[in-house]
Amino acid sequence: MAKNVKRSWAEPYKMKMVELLKMTNRPQRLKAIKEAGYNTFLLRSEDVYIDLLTDSGTSAMSDRQWAGMMMGDEAYAGSRNFYHLEKVIQNSYGYKYVIPTHQGRGAENILSKAIIKNGDIVPGNMYFTTTRLHQELAGAKFVDVIIDEAHDPTNEHPFKGNVDLGKLDQVVKQYGAKRIPYVCIATSVNMAGGQPISMQNLKEVRAYTAKRGIRIIHDMTRVAENAFFIQQREKEFNKKSVREIVKEICSYTDGATMSAKKDALVNIGGFMATNEWSVFEEARNLVVIYEGLHTYGGLAGRDMEAMAIGIEESLSDDHISARIGQVEYLGHKMMDFGIPIVRPIGGHGIFVDAKAFLPHLKQDQFPAQTLAAEVYLDSGVRTMERGVVSAGRKSDGKNYYPKLELVRFTIPRRVYTQAHMDVIAESIYSVYLKRNKIKGLKMVYEPKYLRFFQARFEQLK
Ligand code: P71
């Protein structure tokens, strides 16, 4: 064997049980996507072969997590599993006070209500749909302060999740620090394509906000994936473990919201955390209105146990390097086929640039929505629109027109194989070969909030 043979990433687990899938043909898929109003959210999961709608709540739990489910202490108050979860969060992330919630948006609701006042401003490194909506419903306006590179799918900046401190400073000068209850910092910025923020940038944001008495609230939904990129790309961290890096990230922030359905390898669950007693007190009061008692927050004891174990598993270097290795495998495969994807390859999926893929469609003809429907038709692979439909409307009723018009191929954790990745890449390539013939869509039904979930479309003639 030659010296210096490249060593592949591979999964640090093996399979004990499999879930059988239904295979469909094109006429069946055409019927299904028409019935779903060309919206992949409205497909029945049974009609999907490889489901890349989201990495949220779709991970495979480990044997240990399933064993943990059997140890659920289903008491109304003070469940043993809550104390285990609280301890794991305190030890792994370093936050002092913890409130479980049914999922991420439950935490966002409570945190936003607890610390936002009407007329406040929340700067952040790009919006996320539910996060921004909860900020707005609590009376704040969200202002994007991410670096410009994040809006350019071809820019190779290694940390496209970084905050532009100039933009942040402008917001603070314009509105005054008093009107800014916190800066919202997401690790692995979802809407930018799963792009990380660097430790260096986070430290700078910390120094800037500390001077002005502004909090940092951390959307830590995919913090372990971000930590992996810091380990790979920021020299001084290449000998540190993902676990150590995660803890350091959290140490520069004052509190967090988390959807544990992603990094933390559970099918349901989330939490909010804070280092401030007064914020905790307010949030603990609110949680009983919206979620449940502060020692279960809408979760069963077994869910909290699975989360506690999932958090520990998510911080293993072997786990995270195989997870991101698989995403990168798919990304390289697509690039080899010439598919325009967001670069660098992100942490939780491949984001195809629908504007570049279907340049003959205007943004009003929903290129990303169209492409998601076409990929489903081709192979039964389900993806998600992340463009003008997802961006929704401003408070004045006008559409947001985001620069990024993307289709997200999100990879669930520990679920699919390398052969599945091959099938996915071959499918998008087959759609690519006939891209010139693809027609756009028109929206025929639009719900008021988070319209992408339930909107319906028809094909343009
Ligand atoms: C994703 C999701 C799930 C989702 C949410 C909204 C529209 C479509 C799909 C959820 C996140 C997230 C970040 C960074 C908060 C939430 C909300 N992502 N922050 O990517 O990515 O968490 O779903 O548990 O309520 O498919 P929640």
Side-chain angles (χ1 to χ4, degrees), residues 39-43 45 51-59 99-112 122 124-135 137 142 144 146 150 161 184-197 217-226 249 253 255-273 290-291 297-299 303 307 310 327 346-351 368-369 372 382-387 389-392 402 404 406-413 415 447 449-455:
N39 184 348
T40 52
F41 278 105
L42 299 179
L43 287 167
S45 134
D51 202 347
L52 309 185
L53 185 69
T54 177
D55 63 328
S56 179
T58 54
S59 298
I99 296 177
T101 57
H102 78 283
Q103 61 182 75
R105 70 199 74 177
E108 290 165 355
N109 177 37
I110 285 166
L111 179 98
S112 302
V122 176
N125 55 348
M126 204 174 261
Y127 82 102
F128 185 72
T129 52
T130 57
T131 320
R132 183 179 65 193
L133 183 56
H134 279 299
Q135 290 158 359
L137 291 173
F142 172 83
D144 189 2
I146 203 165
C184 182
I185 296 293
T187 35
S188 289
V189 179
N190 191 353
M191 300 302 277
Q195 302 293 332
I197 179 172
I217 297 295
H218 176 198
D219 180 344
M220 60 183 303
T221 296
R222 298 183 182 83
V223 64
E225 289 170 8
N226 195 118
I249 292 173
T253 70
T257 56
M258 167 97 163
S259 168
K261 299 172 71 172
K262 286 81 170 172
D263 253 10
L265 298 163
V266 287
N267 303 123
I268 194 71
F271 62 83
M272 73 149 266
Y290 295 103
E291 302 280 316
L299 296 171
D303 300 327
M307 200 197 303
V327 174
H348 62 306
I350 305 302
F351 291 66
Q369 190 79 28
R382 168 155 72 173
T383 58
M384 187 191 289
E385 192 265 6
R386 297 274 78 168
V389 184
S390 292
L404 297 177
L406 309 174
V407 179
R408 188 179 73 174
F409 290 64
T410 343
I411 312 300
R413 297 166 186 78
V415 172
Y449 295 118
L450 302 174
R451 63 183 182 184
F452 52 91
F453 283 128
Q454 288 143 351

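Just follow the structure's listing: the first ligand is 1, and inside any ligand the first atom is 1. Residue numbers start at 1 and run along the sequence shown.
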Donor-acceptor under 3.5 Å (D219 side chain, A186 main chain) = no

So which heavy atom in the protein is nearest atom 15 (C) of ligand 1, and how far is it from that ligand atom?
-> E108 OE2, 3.0 Å

Any N or O of S259 closer than 3.5 Å to N or O of ligand 1 | yes

Distance-only side-chain donor-acceptor flag, H348 / N190, under 3.5 Å | yes

Under 3.5 Å, N or O to N or O, is G104 touching ligand 1 that way?
-> yes

Please write down residue, atom name and distance for the protein heavy atom closest to atom 27 (P) of ligand 1.
-> Q103 NE2, 3.2 Å

Measure the distance from atom 3 (C) of ligand 1 to every protein heavy atom, then report the residue, atom name and distance (to 0.1 Å) of the closest one.
-> K262 NZ, 3.8 Å

Is it true that a side-chain atom of S188 and a backbone atom of R222 form a donor plus acceptor pair closer than 3.5 Å?
-> yes

Look at the rings of F452 and F41 and say which category their plane angle falls in: under 30° parallel, 30 to 60° tilted, over 60° perpendicular.
-> tilted

Flag, side chain of N125 to backbone of G161, donor-acceptor distance under 3.5 Å | yes

Among all protein non-hydrogen atoms, which one is nearest to atom 11 (C) of ligand 1, and what is the separation to 0.1 Å?
-> F128 CE2, 3.2 Å

Report yes if some N/O of T129 lies less than 3.5 Å from some N/O of ligand 1; otherwise report no.
-> no

Polar-atom distance check: K261 versus ligand 1, any N or O pair below 3.5 Å?
-> no

Which atoms of ligand 1 are found less than 4.0 Å from any heavy atom of F452?
-> 7 (C), 8 (C)

Considering heavy atoms of the protein only, find what lies nearest to atom 17 (C) of ligand 1 and give residue, atom and distance to 0.1 Å.
-> T130 OG1, 3.5 Å

Considering only protein heavy atoms, which is closest to atom 13 (C) of ligand 1, and at what distance to one decimal place?
-> D219 OD2, 3.4 Å

Are the side chains of Q195 and I146 in touch, meaning some heavy atoms are under 4.5 Å apart?
-> no

Is there at least one pair of N or O atoms, one from R386 and one from ligand 1, spaced under 3.5 Å apart?
-> no

Applying a 4.0 Å heavy-atom criterion (strictly less than), which segment of R408 is in contact with ligand 1: side chain, backbone, both, or neither?
-> side chain

Separation of Q454 CD from L42 CG (nearest 0.5 Å) = 7.0 Å

Please state whether H348 comes within less than 4.0 angstrom of ligand 1, counting heavy atoms only.
-> no

Which protein heavy atom lies closest to atom 9 (C) of ligand 1, and at what distance to 0.1 Å?
-> M384 CE, 3.8 Å

Tell me which protein heavy atom sits closest to atom 23 (O) of ligand 1, plus the residue, atom name and distance to 0.1 Å.
-> R105 NH2, 2.9 Å

Find all atoms of ligand 1 within a distance of less than 4.0 Å from any non-hydrogen atom belonging to F453, and give their numbers and elements.
-> 6 (C), 7 (C), 8 (C)

Side-chain (R382) to main-chain (L43) donor-acceptor, under 3.5 angstrom = yes

So, for I249 and T187, which heavy atoms are closest and what is the spacing to 0.1 Å?
-> CG2-CG2, 3.9 Å

Hey, are T130 and E108 close enough side-chain-wise for a donor-acceptor pair under 3.5 Å?
-> yes

Can an N or O of D55 be found at a distance shorter than 3.5 Å from an N or O of ligand 1?
-> no

Any side-chain heavy atom of D263 within less than 4.5 Å of one from R413?
-> yes

Can a salt bridge be assigned to the pair D55 and K262 using a cut-off of 4.0 Å between side-chain N and carboxylate O?
-> no

Here the atoms of ligand 1 under 4.0 Å from any heavy atom belonging to T54 are 1 (C), 26 (O)

